[in-house]
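Here is the structure we will look at.
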Amino acid sequence: MAKYVGKRLVYMVVVFFVISFIMYMLYNLIPGDPAAIELQTIRDEISADDYEEMYQQVRDRLGLDDPIVIRYFRWLGLYPSVEGKMDGVFQGNLGYSTMYKDDVVNIIAAPLQNTLFLNIFATIIALAITIPLGIFCAVKKNSRFDQAVQVFTIVGYSIPIYIIGLVFIFFLAVKFHVFPVGGVKSSGAEYTGFAAVKDRLYYMALPLIVTTFANLGSMTRYVRAAMIDALSMDYIRTARAKGLKEKVVIYSHAWRNALLPVVTVIIGWFLRIFSGSVVVENTFSFLGMGALNVTGLKQSDYELVLAIQLFYTIISLVGILITDISYGLIDPRVRVDK
């Protein structure tokens with residue numbers, strides 16, 4: 001397993017460089033001039049000759065006339081900057097936001113925290129509901145309860161997440177005023193301690209409910225299908241024939257073997273939640289990475305967008321690695337020793 005994990009880490013590094021280079025190249029092919037954007041505010045205040053001189057100075061400082069490969073490695077911090085020092089992504093410098101007039105690392109700190117908080121809680125709550133529900137439906141296959149759950153999950157799986165968001169906004173925010181329509185915290189409030197946490201959870205409740213509800217259907221169906229397949233195996237009949245308790249048969253034998261396909265889906269589903277949060281965050285005006293990404297694209301703030309896309313790339317690569325390692329931890333038959 002150690003050799004296998006080491007090999008997967010090497011693959012991750014290679015894939016990271018390939019994907020990050022493609023992203024960097026694509027964003028640099030988009031029409032636009034960072035030097036002109038930086039000097040836009042003083043364009044009308046100076047003469048044409050002074051503007052041209054300052055314009056060229058900015059291009060030289062940013063290294064915009066260098067080949068794209070050099071600029072890429074400079075962006076990562078693997079090639080010296082114009083000043084002769086390593087100052088890139090690997091050194092913690094994610095670039096400068098032309099929209100917010102600040103370093104990107106300072107801008108994404110709060111949205112990143114909000115996105116992680118929202119998605120991790122949504123995943124924990126959804127798994128706490130779907131895993132027991134899926135197991136129970138598999139054990140009680142074709143019962144009235146199972147049929148009702150199947151209808152519910154099909155409907156939930158079929159409705160787009162933005163429609164679900166609008167429905168919950170109408171009932172819980174507009175009609176009954178249970179939760180606010182959007183935002184991250186109370187406007188103008190300066191809460192501290194527990195009051196600040198309570199206020200934050202109050203504003204996060206509706207996006208959390210929508211994110212969780214939108215993902216209940218698919219995960220419940222996956223768990224149910226995996227458990228039904230496991231319960232139909234010969235070793236389950238053998239375990240029951242030996243007189244083992246039904247709980248032992250279900251949780252120690254069937255569920256252990258059903259975990260392999262479920263873990264794959266759970267991790268992939270967790271990664272999709274991050275992409276799905278783009279819709280949720282924009283629907284509820286929730287300041288997260290998804291909403292910030294859309295705003296950056298609208299404002300052509302490409303260094304900000306690149307940093308966010310880099311975050312999604314790393315999340316995906318780590319998720320794939322965890323999936324591969326989980327195979328060996330759950331099922332010894334797939335452990336690799338060569």
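When a residue number appears, it is its place in the shown sequence, counting from 1.
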Residues 15-26 side chain polar contacts: donor-acceptor under 3.5 Å, at least two apart:
residue, atom, partner, partner atom, Å
S20, OG, F16, O, 2.8
S20, OG, F17, O, 3.1
S20, OG, Y72, OH, 2.6
Y24, OH, R71, O, 3.4

Throw together a table of side-chain donor-acceptor distances under 3.5 angstrom for residues 193-202, partners on residues two or more places apart or in other chains.
residue, atom, partner, partner atom, Å
D199, OD1, S186, OG, 2.5
D199, OD2, S186, N, 3.0
R200, NH2, N114, OD1, 3.0
Y202, OH, V178, O, 3.4

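In this structure, the side chain to side chain contact (heavy atoms under 4.5 Å, CB included) partners of F171, at least two apart in sequence or on a different chain, are V167, K175, F176. The side chain to side chain contact (heavy atoms under 4.5 Å, CB included) test applied to K242 returns T238, not counting sequence neighbours. Residues forming a side-chain hydrogen bond (donor to acceptor under 3.5 Å, both in side chains) with S158 (at least two apart in sequence, or on another chain): none. S81 pairs by the side-chain hydrogen bond (donor to acceptor under 3.5 Å, both in side chains) definition with E83, not counting sequence neighbours. Remark: E45 pairs with no residue by the side-chain hydrogen bond (donor to acceptor under 3.5 Å, both in side chains) rule, at least two apart or across chains. For the side chain to side chain contact (heavy atoms under 4.5 Å, CB included) test, residues two or more places apart in sequence or in another chain that qualify with S47 are D49, D50.
The one candidate from V139, D229, D146 that meets the side chain to side chain contact (heavy atoms under 4.5 Å, CB included) condition with R224 is D146. Of the listed residues (I236, V249, I250), just one forms a side chain to side chain contact (heavy atoms under 4.5 Å, CB included) with L244, and that residue is V249.
Taking the side chain as every heavy atom from C-beta outward, M289 and L118 never approach each other to under 4.5 Å. When side chains are defined from C-beta on, F121 does not count as touching M204, because their heavy atoms never get closer than 4.5 Å. Side chains of V305 and N293 form a contact here, defined as non-hydrogen atoms less than 4.5 Å apart. For the pair E303/L94, no side-chain contact is recorded, criterion being any heavy-atom separation below 4.5 Å from C-beta on. In this structure, Q56 and D65 have side chains that are in contact, with non-hydrogen atoms separated by less than 4.5 Å. Proximity of S97 to D102: side-chain heavy atoms (C-beta onward) are nowhere separated by under 4.5 Å.
Taken from NZ in K298 to CE in M99, the straight-line distance is 10.5 Å, to the nearest 0.5 Å.
Residues L304 and G296 share a closest heavy-atom pair of CD2-CA, 4.4 Å.
Under the 3.5 Å distance criterion, the side-chain polar atoms of T211 are left unmatched by any main-chain donor or acceptor of L208. When atom types are taken as modelled, the side chain of E281 and the backbone of G290 share a donor-acceptor pair closer than 3.5 angstrom. Between the side chain of T115 and the backbone N or O of L112, no donor-acceptor pair lies under 3.5 Å. Without hydrogens or angle criteria, R256 side chain to Y251 main chain gives no donor-acceptor distance under 3.5 Å.
Apart from F136 itself, the hydrophobic cluster it occupies contains L133, F145, V149, where clustering links Ile, Leu, Val, Met, Phe, Trp and Tyr at side-chain heavy-atom distances under 4.5 Å. Hydrophobic cluster of V82: no remaining members, since no ILVMFWY side chain lies below 4.5 Å from it. Think of L62 as one node in a network of Ile, Leu, Val, Met, Phe, Trp and Tyr side chains linked at under 4.5 Å; its network also takes in L39, I42, I46, Y51, M54, Y55, V58, L64. The hydrophobic cluster of V10 has no other members, since no ILVMFWY side-chain heavy atom comes under 4.5 Å of it.
Y100 and Y96 are members of different hydrophobic clusters when ILVMFWY side chains are connected at heavy-atom separations under 4.5 Å.
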